[in-house]
Amino acid sequence: MNQKNFNSNITSTQKENTPESTMQQGRDCFLSYRFEIMEDDNIYSVSFNGKLTDEETRKMLEPIQNCLYEKIPDAIQTYLEQNNLTYSGFVSTKKPLEHSKVMELAGLLLHSDDCSDFDRYFGNADTYYLIVDHQKWVAENCCQGCYFAVKKTLTESESSCKYNIIGQTFRYNETTDDENCYFAIRENRNNGSLYNIALSSGEPVLPSFGCIDLPTLLLDIDNIQRTEQVIEFAVK
């Protein structure tokens with residue numbers, strides 16, 4: 001993959017210097033936040049600098065469970081303003097999504113063993129949340145796509161990052177009614193390497209077509225360790 005071209009295709013956020021500060025009692029400095037939603041045709045991105053606690057960040061995400069994807073940026077800004085949270089540099093963008101690029105990202109998220117691969121893409125945000133809900137008919141009888149919920153946060157020492165990844169890629173042949181899927185729940189170890197908590201290939205864990213509740217999956221991603229939990233949270 002041409003990482004330079006791939007990074008420039010999506011969006012980026014300016015990262016500020018962030019000296020150590022407390023994680024739960026509040027922050028003494030601004031951190032950079034980035035939220036991205038990738039759906040069939042578009043990428044909706046939000047970035048800002050703020051001083052949110054972990055609990056404030058979680059509460060900010062709760063309203064997006066009932067939002068259309070294109071309304072999530074407005075919901076985030078509304079929450080910040082209504083709750084008088086300190087933030088600056090709020091930027092919201094909408095860009096067209098290239099199918100080949102999002103599938104390249106899916107391959108990176110599911111198969112890379114090294115967090116540095118992610119850091120080259122996500123590393124410019126201290127806190128990063130990603131939702132991918134993408135399907136495309138790549139031929140008359142063939143549909144390809146992926147589902148993802150991804151969370152990146154600083155550790156309590158702020159010297160390293162924590163990654164949580166839940167995702168599935170799929171390819172469906174309408175003529176033969178065959179589905180080929182790859183699913184994984186992933187986390188990173190202290191040494192920076194990624195490992196699979198759960199792994200499945202062949203039959204889909206998440207249905208290739210239908211309503212998948214990815215915002216709820218993202219909200220609870222820290223506590224999900226089993227495939228059955230993914231189905232419980234995400235399949236409506």
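Position 1 is the first residue of the sequence; numbering continues from there.
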Point to revise | Check: H134 ring centre within less than 6.0 Å of Y147 ring centre | key: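 Distance test on ring centres: not under 6.0 Å, no.
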Do [X] and [Y] have side chains that approach each other closer than 4.5 Å (heavy atoms only, starting at C-beta)?
| X | Y | answer |
| --- | --- | --- |
| V138 | R171 | yes |
| L217 | I166 | yes |
| I76 | M60 | yes |
| Y87 | Q77 | yes |
| L85 | L52 | yes |
| F35 | L130 | no |
| D213 | C211 | no |
| V46 | E36 | no |

Exercise for review: Determine whether more than 12 heavy atoms belonging to other residues, nucleotides or ligands lie under 6.0 Å from atom NZ of K162.
Suggested key: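 Correct, the count exceeds 12.
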Does the [X] side chain pair with the main chain of [Y], one donor and one acceptor, at a distance under 3.5 Å?
| X | Y | answer |
| --- | --- | --- |
| Q168 | V205 | yes |
| E39 | N42 | yes |
| E81 | T78 | no |
| Y44 | K71 | no |
| K136 | S100 | no |
| E232 | E228 | no |

Point to revise | Evaluation steps, side chain to side chain contact (heavy atoms under 4.5 Å, CB included), between K51 and F30 | key: CA-CA 5 Å; K51 296 183 178 182; F30 278 81; 3.4 Å; yes
Between [X] and [Y], is any side-chain donor less than 3.5 angstrom from a side-chain acceptor?
| X | Y | answer |
| --- | --- | --- |
| E62 | Y79 | no |
| S32 | D126 | yes |
| Y69 | D133 | yes |
| Y172 | Q135 | no |
| R186 | N196 | yes |

With rounding to the nearest 0.5 Å, note down the distance linking [atom1] in [X] to [atom2] in [Y].
| X | Y | atom1 | atom2 | value |
| --- | --- | --- | --- | --- |
| S160 | L154 | OG | CG | 8.0 Å |
| C181 | E203 | SG | CD | 7.5 Å |
| K152 | C161 | NZ | SG | 4.0 Å |
| N188 | I165 | CG | CD1 | 8.0 Å |
| L194 | L109 | CG | CG | 9.0 Å |
| I131 | I212 | CD1 | CD1 | 12.5 Å |

Exercise for review: Take D114 and S193 through the side chain to side chain contact (heavy atoms under 4.5 Å, CB included) test and state the conclusion after the steps.
Suggested key: CA-CA 5 Å; D114 189 346; S193 63; over 6 Å; no
Review point. Where do L97 and V102 land on the side chain to side chain contact (heavy atoms under 4.5 Å, CB included) test, with the steps shown first?
Key: CA-CA 7 Å; L97 176 66; V102 73; 3.9 Å; yes
Can you name the nearest heavy-atom pair linking [X] to [Y], along with the distance?
| X | Y | answer |
| --- | --- | --- |
| I43 | P96 | CD1-O, 4.1 Å |
| P73 | F90 | O-CZ, 3.8 Å |
| F148 | A106 | CE1-CB, 3.4 Å |
| D222 | N164 | OD1-OD1, 3.2 Å |
| G145 | M103 | O-CE, 3.7 Å |
| T227 | I185 | N-CD1, 3.9 Å |

Practice item. Please state whether the rings of F48 and Y33 are parallel, tilted or perpendicular, taking 30° and 60° as the class boundaries. Key: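 The arrangement is parallel - the two ring planes meet at less than 30°.
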Within one Ile-Leu-Val-Met-Phe-Trp-Tyr cluster: [X] and [Y], side-chain cutoff 4.5 Å:
| X | Y | result |
| --- | --- | --- |
| L218 | I231 | yes |
| L199 | Y163 | yes |
| I64 | V91 | no |

Check your understanding: Can you name the residues that form a side-chain contact (heavy atoms from CB on, under 4.5 Å) with Y195, not counting sequence neighbours?
Key ->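 Y195: side-chain contact (heavy atoms from CB on, under 4.5 Å) contacts with E187, R189, I197.
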Practice item. Go through the steps to decide whether R58 and D220 satisfy the test salt bridge (Lys or Arg N to Asp or Glu O under 4.0 Å), and finish with yes or no. Key: CA-CA 9 Å; R58 178 178 175 83; D220 292 286; 3.6 Å; yes
Exercise for review: Could you go through the side chain to side chain contact (heavy atoms under 4.5 Å, CB included) check for Y182 and H111 one step at a time?
Suggested key: CA-CA 10 Å; Y182 185 93; H111 300 294; 3.5 Å; yes
